[in-house]
Amino acid sequence: MSSPAAGNPRPPRDLPLRHRVAFEPGAVEGFFRPALLRSPAALMLTGVLAITGLRLLWLVFQPADLYPDEAQYWFWAQHPAFGYYSKPPLLAWLIALTTGLFGESEFAIRLSAPLLHVGATVFVYAIGDRLYDSRVGLWSALAYASLPGASVSAFIISTDAPLLLFWAAALYAFIRAREDGRWGWWLAVGIACGLGLLAKYAMAYWIFSALGYVLVSRAERRHLGPLLTAIGIALLLYSPNFWWNWNNGFVSYLHVKDNAGLDEPLIHPDAFLEFFGSQFAVFGPLFFAGLIWLAASPRTLAEPHARLLATFALPTLAMMLAVSLLSRANANWAAPAFVSATVLVVAWALDRGWRKLVMFSVALHLAAVAILFTGRDTLAAVGIELPAKYDALGRLRGWRELGAVVGTALAQHPGLTLFADDRETLAALIYYVRPHPFDAVKWKLKSGLPKDQWELTNGLPQHIGGNFLLVSEHELIPEMSPSFATIDRLQPVVIPVGPGASRTYTLYLARDFKGYSWDRR
């Protein structure tokens, strides 16, 4: 082994990770000034705030419109409640807060997303530092902040951003509570879990993971009582949404079941492969490959800290893989697993001296996200038009133009109520039509339980005798005609969304709604 004076000492392979950092004084000089190396937390904040600053600049200057789901969440924020058709209420409350402070621009609606990820990243740092050392904390935080899935979630407002924050907060509080048994930390576990449940029902996976960890390990069973108390606190915080569901036919829970599609024909190998492949994009190709290797290495996961981190990652990922095989699963459904998985993979890589591989992965993720979100517009600025099929933001384009056309039509036909045959179209139009048509309604495809917020709170049967401007995407006129006195065609609308691509709609005047035909039989 070379002496310290040689300038590049190599730590013994059997030295614990916490002590090996002392052998690597130049671990990150290539990225940061040596004066900052004495404070990994400062390095972490510097890196994370730099990434967040770039994200905020993109939100300010980007040309993409709101995705329809984002517009739907904004609509919810205009009607404060303890619950909404498909989600618990916290996201709508956050949007109400940011838009109340900064107006109703796309930037204001999305503002909380990158800020929530700052909080999640800080907790990832704290988890790595607590379980291993500050170097693992630093690189885990930078790795998490750079994950492609985290970047997408930081650019588009969704329930994932608050969920990931409270998932990480609950895990850190759980680690601290197990260490010293203080009730303050168990209280923090309960509060974080409760807020997580108000953000997204997937927080329940965290609770099941914690219970499994405590019950399976004999040494951990002494924490069962405090954990159950923390879960009780979480359920108490969550209870307003349960009460709202109770009074609305448990529609949110039924939506979760329907969204999984388990009532449909089972076994879909193509959906499984699609979901499995998508996780290389969400978590990054090298990190996800490392996680697969660790999952197949029981000896590595036998180490206590690795086992704890794996418990909060692998069961959730395995469950989503099973759901994707049985039915389908969206790429982001396993996102909470990657909070602890990031620390697990980074600690494993650093323990083997693969710091440069971690650095490469961070750089790769940031470069990929930069290309994804700015590549098309950068090429367009120099005269190169990328075909629309390669535009990652294609679904975010054209809504403003559609809103302008529909707004003009409404102004030309005063007294009409906006009406659409598609949930996404209606959500986007309510935001982009000025003044906002908050009384807009949507066609219900069949009898039975409501299938979205509009059917739940402002269904067409509340507008008997009403006259409407119908924005049709699916051309359901033969199905709709028995429910109206007349439906007259106004004009087609073609919205370009990029070279070689457009979305087509048709405007109709639908007069004197008589009720759904199936309700009048």
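In this chain, residues are counted from 1 in sequence order.
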Flag if over 12 foreign heavy atoms under 6.0 Å of CZ, F82:
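No - once you tally the heavy atoms of other residues, nucleotides and ligands closer than 6.0 Å, there are 12 at most.
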Between [X] and [Y], is there a donor-acceptor pair closer than 3.5 Å when you use the side chain of the first and the backbone of the second?
{"X": "S140", "Y": "G137", "value": "no"}
{"X": "Y516", "Y": "K444", "value": "yes"}
{"X": "N467", "Y": "D512", "value": "yes"}
{"X": "W58", "Y": "F373", "value": "yes"}
{"X": "Q462", "Y": "T457", "value": "yes"}
{"X": "W399", "Y": "R395", "value": "yes"}
{"X": "H255", "Y": "V251", "value": "no"}
{"X": "D421", "Y": "H474", "value": "yes"}
{"X": "N248", "Y": "W244", "value": "yes"}
{"X": "S239", "Y": "F242", "value": "no"}

Could you go through F287 and H365, starting from their C-alpha distance and side-chain angles, then the distance that decides it, and tell me whether this counts as side chain to side chain contact (heavy atoms under 4.5 Å, CB included)?
CA-CA 10 Å; F287 284 170; H365 299 164; 3.6 Å; yes
State, with a plain yes or no, whether a side-chain heavy atom of [X] is found less than 4.5 Å away from one of [Y].
{"X": "Q72", "Y": "Y431", "answer": "no"}
{"X": "L94", "Y": "L111", "answer": "no"}
{"X": "K87", "Y": "Y73", "answer": "yes"}
{"X": "L197", "Y": "I207", "answer": "yes"}
{"X": "L237", "Y": "I191", "answer": "yes"}
{"X": "T425", "Y": "R503", "answer": "no"}
{"X": "Y84", "Y": "P89", "answer": "yes"}
{"X": "S158", "Y": "Y67", "answer": "no"}

For [X] against [Y], the heavy-atom pair lying closest together:
{"X": "E70", "Y": "I157", "value": "OE2-N, 3.0 Å"}
{"X": "S340", "Y": "L171", "value": "CB-CD2, 3.8 Å"}
{"X": "A230", "Y": "V189", "value": "CB-CG1, 3.9 Å"}
{"X": "P88", "Y": "N241", "value": "CA-ND2, 3.8 Å"}
{"X": "A168", "Y": "V339", "value": "CB-CG1, 3.8 Å"}
{"X": "A92", "Y": "A77", "value": "O-CB, 3.3 Å"}

Measure the [atom1]-[atom2] distance between [X] and [Y] for me, rounded to the nearest 0.5 Å.
{"X": "K451", "Y": "L449", "atom1": "NZ", "atom2": "CG", "result": "6.0 Å"}
{"X": "L228", "Y": "H223", "atom1": "CG", "atom2": "NE2", "result": "13.0 Å"}
{"X": "W74", "Y": "T98", "atom1": "CH2", "atom2": "OG1", "result": "12.5 Å"}
{"X": "T316", "Y": "F338", "atom1": "OG1", "atom2": "CZ", "result": "10.0 Å"}
{"X": "Y144", "Y": "I51", "atom1": "OH", "atom2": "CD1", "result": "11.5 Å"}
{"X": "L460", "Y": "W454", "atom1": "CG", "atom2": "CH2", "result": "13.5 Å"}

Test side chain to side chain contact (heavy atoms under 4.5 Å, CB included) on T342 and F283; report intermediate values, then the result.
CA-CA 8 Å; T342 299; F283 194 40; 3.3 Å; yes
Given the rule in the side chain to side chain contact (heavy atoms under 4.5 Å, CB included) test, do V122 and V48 qualify, once you have shown the distances and angles that lead to the verdict?
CA-CA 9 Å; V122 170; V48 170; 5.9 Å; no
Would H117 and S153 count as having a side-chain donor-acceptor pair, cut-off 3.5 Å?
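The criterion, which ignores hydrogens and geometry beyond distance, is satisfied for S153 and H117.
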Can a side-chain donor-acceptor contact be found between E104 and H436 if the only test is distance below 3.5 angstrom?
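Checked: H436/E104 side chains pair up, N/O donor to acceptor below 3.5 Å.
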Look at the aromatic rings of [X] and [Y] and report parallel, tilted or perpendicular, splitting at 30° and 60°.
{"X": "Y213", "Y": "F174", "result": "perpendicular"}
{"X": "F250", "Y": "W246", "result": "perpendicular"}
{"X": "W185", "Y": "Y172", "result": "perpendicular"}

Given the ring of F513, does R511 sit roughly above its face, with NZ or CZ under 6.0 Å from the centre of the six-membered ring and within 45° of the axis?
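Cation-pi check for R511 and F513: fails.
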For the residue pair R328 and W333, would you count it as a cation-pi contact if the rule is NZ or CZ under 6.0 angstrom from the ring centre and within 45 degrees of the ring axis?
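No - R328 does not lie over the ring of W333 by the 6.0 Å and 45° rule.
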Centroid separation under 6.0 Å, is that true for the rings of W167 and F312?
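They do not qualify: ring centres at least 6.0 Å apart.
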Please step through ring-ring contact (aromatic ring centres under 6.0 Å, His included) for the pair H463 and F419, ending with a clear verdict.
CA-CA 11 Å; H463 298 264; F419 173 34; 9.6 Å; no
Can you name the salt bridge (charged side-chain N to carboxylate O under 4.0 Å, His left out) partners of R55, sequence neighbours left out?
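None.
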Does K200 have any salt bridge (charged side-chain N to carboxylate O under 4.0 Å, His left out) partners at least two apart in sequence or in another chain, and if so, which?
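Expected list: D160.
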Sorted by first residue and then second, give each salt bridge (charged side-chain N to carboxylate O under 4.0 Å, His left out) pair with at least one member in residues 399-415; sequence neighbours left out.
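Salt bridge (charged side-chain N to carboxylate O under 4.0 Å, His left out) check on residues 399-415 returns D65-R400, E106-R400.
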Go through L418 and V471 one step at a time and tell me if the side chain to side chain contact (heavy atoms under 4.5 Å, CB included) criterion holds.
CA-CA 8 Å; L418 179 62; V471 182; 3.8 Å; yes
Sort out for me which residue in E475, E473, Q491 forms a side chain to side chain donor-acceptor pair (under 3.5 Å) with T506.
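Checked E475, E473, Q491 against T506; only one passes side chain to side chain donor-acceptor pair (under 3.5 Å): E475.
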